[in-house]
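For ligands, and for the atoms within them, numbers begin at 1 and follow the listed sequence.
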Amino acid sequence: MLQTRSGKRTGAAAVKIACDMVKEKLINEKEALMRIPAGDLVQLLLPSFDPKKKVTADLLTRGLPASPGASVGKPAFTADEAVERSHAGEKIILVRKETSPEDVDGMHSAVGILTSTGGMTSHAAVVARGWGKCCVAGAGEIQIDANKGTFVVGGKSFGRKDIISIDGGTGEVFAGAISTITPELSGDFSKVMRWADKYATMAVRTNADAPADATRAREFGAKGIGLTRTEHMFFEGPRIKAMREMILAETIEDREMALEKLLPYQREDFIGIFRAMNGLPVTIRLLDPPLHEFLPHETPQQKDLAASMNVPLSKIKQRVSMLHELNPMLGHRGCRLAVTYPEILRMQVRAIVEAAIECVGEKVRPMPEIMIPLIGTVQEFRLLRAETEKVIATVKTEMEFKKRLDIKIGTMIEIPRAALTAEEIGREADFFSFGTNDLTQLTFGYSRDDVNTFLPDYINQGILPVDPFQSLDQTGVGQLVQMGIDGGLAGNPDLKIGICGEHGGDPDSIDFCHRVGLAYVSCSPFRVPIARLAAAQAAIRHG
Ligand code: PEP
Ligand code: MG
């Protein structure tokens, strides 16, 4: 024998070979788990292109593999167009420079999403991953002309009638249609998952914002929700109107009136999520993004809003420009919103408590954890925790609820200063969750939305080994995580600590999370099986 090397195999083949070898007593369960590349499990859950057809396909360009899966469709260039044409029966790939919360309906109705800017934690990437929808982000060679309804790449032009295929697992964009293979889950997959849970010491939770996503994640084995991004609940149908009224309100009374309209929607969503996660913890993050993200930025949509609110267009334009910030990700967002507008926090906390009490009445066991985002100083946390506790007590009294309602209040550690001062924050918090998307952004000083302008050069020239928004930078950002854990536990030995940044679904980062002793990782529903296997592998590897 001159040479041996590992046989190349698909995710499905790796699972079958490992299980067959255990059956034949050639290897044990632990060895079997170590032989399956965790990241390849996604091939068992989402469609992929037929490899034989893919090799001969016309590759146009390559972007970031932002959300796995394979999609074939015709380009649409605005969210409204995507909704309209999808309803008319077309398969649509939404092609945008970047997406924002305004595009959510269009993203939902499209079969895939392609953007020319943005990184692995940009809006398009995070939202698509949450839904298990195929997305290629940051394909910088694509030039989009939304007015003309075309995009140009490599000298070729594509319009609304041209079919394209995108591979969200590799970032490839092809001309024409490639046939796809839809996976079927085998009994071997469940067996591997059972073995994984036997050896893993960290729990796997999910990032989910809607009851349907929570249910799916639970089917994939999630042991709770590590992050509900409540802002994603404000876009559908009439909600966005009430949200915009709230933002445009000039007095606290008007703002509270608009918040009254949002309260029932929030409460219903939380009831749905608590039911789906009955008996498991649900971490709900209070409003995080800058408010301008909720307002329309194009004149036709601004005109519609002005008409529906019965105010002049100039007023809408003035408020949009007032909320404009040069660096919104460093601006008025996260807990800073609740400091300025405590009535938003009050509405959200009320919705959580009312939903929890209603669930108790129907014999569902809600386990809410209220998470205050973007804390940088203990004073912010202290102030907002007190406000949160006040609302919890008020609602319980109003609803004459006498039983124990266990609601934890904690924070994200996503600002370097929070990691540096973790001991004093830990003394006042019930839990920490590392928001490593923002922590990476703020530690490197790379904008998570613009990183792809230079990242390919950094990777090609060996300045960075991998995209730090995809796989945690253990040397640098990892030190802050370690500091946050050590400080937090020094302040509060009972502190529960997990991670909810996108790194929670990346096997190498999960290995790091195990080594530093996190209690859980949280990731999008389709990455839950990957994380369960990666957590088991880390436990086997490190003991
Ligand atoms: C984070 O910053 O890691 C995080 C989970 O929050 P978001 O991505 O919503 O900013
Ligand atoms: Mg964040």
Side-chain angles (χ1 to χ4, degrees), residues 66-67 98-101 104 118-131 135 137 205-210 213 225-235 282-291 293-294 327-338 348 369 371-376 380 410-419 431-451 467-473 477-478 480-481 484 497-506 509-510 512-513 518 520-525 527 531:
S67 178
E98 64 195 345
T99 65
S100 78
V104 165
M120 289 298 282
T121 58
S122 59
H123 179 265
V126 170
V127 171
R129 225 173 286 141
W131 295 337
C135 172
R205 295 196 194 178
T206 193
N207 294 356
D209 322 312
D213 297 332
I225 290 185
L227 173 63
T228 291
R229 290 180 166 99
T230 49
E231 62 269 22
H232 291 171
M233 300 167 150
F234 290 124
F235 283 94
V282 174
T283 309
I284 298 167
R285 177 178 73 184
L286 302 182
L287 195 66
D288 182 64
L291 295 182
E293 282 196 8
F294 297 92
N327 285 311
M329 288 307 259
L330 299 179
H332 202 176
R333 60 173 286 227
C335 63
R336 301 160 203 165
L337 289 172
Q348 291 200 291
E369 300 178 339
M371 182 152 79
I372 299 171
L374 221 72
I375 288 291
E380 287 168 323
T411 182
M412 294 183 79
I413 302 292
E414 50 185 347
I415 286 193
R417 194 182 186 284
F431 64 90
F432 278 179
S433 178
F434 285 96
T436 44
N437 304 332
D438 275 309
L439 194 59
T440 299
Q441 165 167 264
L442 294 166
T443 305
F444 275 97
Y446 299 162
S447 155
R448 56 196 268 192
D449 298 307
D450 301 313
V451 65
D467 178 349
F469 288 98
Q470 200 172 343
S471 196
L472 190 80
D473 161 48
V477 180
L480 286 167
V481 173
I497 312 180
I499 177 175
C500 64
E502 294 303 304
H503 303 93
D506 168 67
S509 313
I510 292 170
F512 170 83
C513 294
L518 293 190
Y520 68 86
V521 297
S522 188
C523 56
S524 55
R527 290 167 100 189

| task | To the nearest 0.5 angstrom, please state how far the NE2 atom of H123 sits from the CG atom of D449. | result | 10.0 Å
| Going by heavy atoms in the side chains, are T436 and I499 under 4.5 Å from each other? | yes
| note | Note: D438, heavy atoms under 4.0 Å from ligand 1, region reported as both
| request: Would you check whether R285 has a nitrogen or oxygen atom less than 3.5 angstrom from a nitrogen or oxygen atom of ligand 1? | output: yes
| message | Tell me whether ligand 1 is touched by T436 - counting only heavy atoms on the residue side and a distance under 4.0 Å. | response | yes
| said: With a 4.0 Å cut-off on heavy atoms, is L227 in contact with ligand 1? | reply: yes
| field | the Mg ion (ligand 2) to D438: nearest N/O/S atom name | value | OD2
| task | Decide yes or no for T411 and E380: does some side-chain heavy atom of the first lie under 4.5 Å from some side-chain heavy atom of the second? | result | no
| message | Below 30° counts as parallel, above 60° as perpendicular, anything between as tilted: where do the rings of F235 and F294 land? | response | parallel
| task | May I ask you to decide if the ring planes of Y446 and F444 are parallel, tilted or perpendicular, using 30° and 60° as cut-offs? | result | parallel
| Beyond-backbone contact of L330 with L442, side-chain heavy atoms, under 4.5 angstrom | yes
| Which one of H503, H123, R448, M371 has a non-hydrogen atom at the shortest distance from atom 10 (O) of ligand 1? | R448
| task | Mark up the atoms of ligand 1 that fall under 4.0 Å of a heavy atom belonging to R333, in ascending order. | result | 10 (O)
| said: Please list, in number order, the atoms of ligand 1 under 4.0 Å from a heavy atom of C500. | reply: 5 (C)
| task | Within a distance under 4.0 Å of any heavy atom of G435, pick out the atoms of ligand 1 and give their elements. | result | 1 (C), 2 (O), 3 (O)
| Which atoms of ligand 1 are found less than 4.0 Å from any heavy atom of M412? | 4 (C), 5 (C), 6 (O)
| request: Kindly give the atom name of the N, O or S atom of E414 closest to the Mg ion (ligand 2). | output: OE1
| How does E502 reach ligand 1, if at all, at less than 4.0 Å between non-hydrogen atoms: by side chain, backbone, both, or neither? | neither
